[in-house]
Amino acid sequence: MHGAVLSHTLDTRLVGIAILVYLLATILYFVYVPFRHRAVGITASLVALVGWGLVTASMIARAVISHRLGWGHAPFTNLYESMVFFAWAIVLIYLVIEWRYKNRTIGAFVMPFAFIALAYTTIGPGIRTQIEPLIPALQSNWLVAHVITCFLGYAAFAVSCGVSLMYLLKAWASERGRDIGFLPDLRVLDEINYKSVVVGFPLLTLGIITGAAWANYAWGSYWSWDPKETWSLITWLIYAAFLHARFARGWRGKKTAVLSIIGFAAVLFTYLGVNLLIVGLHSYA
Amino acid sequence: MLKDGHGIWGKLWRFFTSLKLTISLLIILAITSISGTLILQRGDPHQYIEAYGEAGYKLIKMLGLYDVYHSWWFLMLISILVVNIVVCSIDRFPRAWRYIKAPLRYPPLGLLKEMRPQETLKTKYPLKEVTEKVKEVLHSKGYRVEMLMEEGVGRVFGQRGVINRMGVYVTHLSVLTILIGGLIGGIWGFTGGMTIVEGESSRNVSIFGTHKVITLPFDVRCDAFRVSYYPGTNTPKEYRSTITILEHGRPVLTKDIRVNHPLTYRGIKFYQASYGTISNLEGTLTLKVIPRSGEGFVVHVGAGKVSPLKDGYTLKLVAFYPDLVVGEGNQPMNRSDQLRNPAALLEVEKGGRPLYRSWVFAYFPEVHSVEGVPFRFRYISFKGLQYTGLQVSKDPGVWIVWLGCTLMVVGLAFSFFLSHRRVWVYIEDKGKRRHVLVAGNTNRSHGAFLLHFEELIKSLKRALAPGKP
């Protein structure tokens, strides 16, 4: 049937190429970090940009194909599509930060997340790459707003997790009297960690609100303590604690870095863990 | 004041204004919330006993773990958080409000000279003109500007983004608003379900999680229910119920409801939730009949009824299963009321005497298709009486929740995407020239403000450069 015909459409082939391009970008960032060769750094950025362009093209192609099939829906409706969007959003947010802070070393700690997310679309359990028509519950504009805000937020949290790992690594070394010179300054890492959470938190909030609005239209209840909802709230509470700790109690550095990493672990559990381990309303994505 | 008190009230006040408490509560709420995603919520006692044993069930019951989010200790944690938010706001709001009501417009020169960033410019324009020009430049940069002329001194104060100071209070107010909305919904609202067979009406709603039934003040009739599929697939495209509301038996409103498109009537919402086919009572099976010789033809037969075939043979529909599975003891049974695996047990008779029985399966046409009998059958369709399952809910607090959500987005935007920037300018007559002292301050995003301040100084230099009209 349709599935067999569509399993190797243009969009999945583009993602296949993009996986390799993301891998190449990851390797280039890894090479750039210790050697600081300017040409390598620029190449890494360009390769990342090309990969991001390929993923963009893939999402457009997928929307067009689904439209031609008469199902016409935005490509944000199942695990595969959300994962591709996640990989897209991570690189987008990373490239903006690279441009704003003129620092490429962060790429070595963020690009792997994007690569793993994209590679997961081909090896992850239970991922269907076929373009499928939308079941009635998913036919909602709230869904599109929900997925876009959630995953842009998740991507910002991925960046904050990446720089927090860098922070802990550098702090751990410096406590032992060694300086990892090629990593950015601790102050810069701390700042980017905070800035990413400041971007991610309102997006996650919007994601939860649009999800609640959708649930209210589809199921007649904006909040039903479904495991996915609860885990999104847990994630929200962790980042809320992060912001209060940082704003009002002046937590800096290691403590907030650890909170960031715990927060991102909660993000991953909300996104994947709940689906793999717990059954609930979100069982389709 | 209360907060300085040494007594019990002073201690309590300091406990509740502490941000350590806030952070601890957020973390404790996050950790305890996990339990409700791991343990079945609102299950039957036997389910817990099966999974955790008698002792486990006792513990679960004692701690309210069968309904974590409504347990006394969870509600207590939320209540403490509410008190924490309220007390913190009362404690801190007046100071923040002063930025709006009584900003520090013209601080003493000594204080100004200690501020960073700071810059001093020199110009030959007369005092009044310089002050006006400075005011204009600040205004063009989006500042709300005030000025003051004194003897030999001109002063300008500009600020923007002062609303940022309110962001945190708006956000905290939004949390309280959402909780109030949720509370109102919990007290005066309900969520339940009703099933209505096509053509019939009902006013009873079974409340979820209880054995309670609410009687609506009007009747709900299901005129029709339809499922449509994407062409060439088994994926449902749409579930649609035509619903009529009857007041005192008179129809007042007819509307189609679909998933994501509920119907609201007198504050009560009706959502398309489920459906099914009632197979045993009514419905018509359509079959293709393949006789041993001659042309095939189509026959319709009702449940439990008899239809003529030809040559004096008749066909009886003994039983119909919309979703057949083989149960215990090899007994055929229905897994659901939906047409997922339709099957029928037929009996061919002649002169009122049964000759043979045959099964017909919609998705396995070759099974039981025995040769050598007068007639073989192929399933075409079954048109049964369907019922629609509606979720019914009333939530008078929902608009308060949406108001709270809006406030939260606004509050977060104020807090995170604005900063309160202030610029003070002190212009002093120094003989032939005027010295222009510019000082700035921001409450967040210092890096960005430094760049902005540099830009501002450039603009001021341009405006105060000699030779300009």
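The chains referred to below are lettered A, B, ... by the order of the sequence lines, with proteins before strands, and numbering in each begins at 1.
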Let's go through A:Tyr154 and A:Phe157 carefully: what are the C-alpha distance in whole Å and the side-chain angles of both, what is the deciding distance for ring-ring contact (aromatic ring centres under 6.0 Å, His included) to 0.1 Å, and is it a yes or a no? CA-CA 5 Å; A:Tyr154 291 180; A:Phe157 292 140; 7.3 Å; no
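- Between chain B and the options A:Pro133, A:Ser221, A:Ala218, heavy-atom pairs under 4.5 Å are most frequent for A:Pro133.
- Interface remark: B:Val168 contributes no atoms to any contact with chain A (heavy atom separation under 4.5 Å).
- Heavy-atom distances place both the backbone and the side chain of A:Ser140 under 4.5 Å from chain B.
- At a 4.5 Å heavy-atom cutoff, B:Phe270 makes no contact with chain A through either its backbone or its side chain.
- Only the side chain of B:Tyr230 comes within contact range of chain A, judged by heavy atoms closer than 4.5 Å.
- When heavy atoms are compared at a cutoff of 4.5 Å, A:Trp236 approaches chain B solely by way of its side chain, counted from C-beta outward.
- For A:Phe247, the part lying under 4.5 angstrom from a heavy atom of chain B is the side chain only.
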Would you check, one step at a time, whether the test side chain to side chain donor-acceptor pair (under 3.5 Å) holds for A:Asn103 with A:Thr105? CA-CA 6 Å; A:Asn103 194 317; A:Thr105 36; 2.4 Å; yes
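- Residue A:Ala266: no heavy atom, backbone or side chain, is found under 4.5 Å from chain B.
- For B:Ile31, no part sits under 4.5 Å from any heavy atom of chain A, backbone or side chain.
- For A:Ile208, no part lies near chain B; criterion is any non-hydrogen pair under 4.5 Å.
- For a residue to count as touching a neighbouring chain, one of its non-hydrogen atoms must lie under 4.5 Å from one of that chain's; by this rule A:Tyr194 touches chain B with the side chain only.
- Residues A:Leu243 and B:Phe416 are in side-chain contact: their nearest non-hydrogen atoms beyond the backbone lie under 4.5 Å apart.
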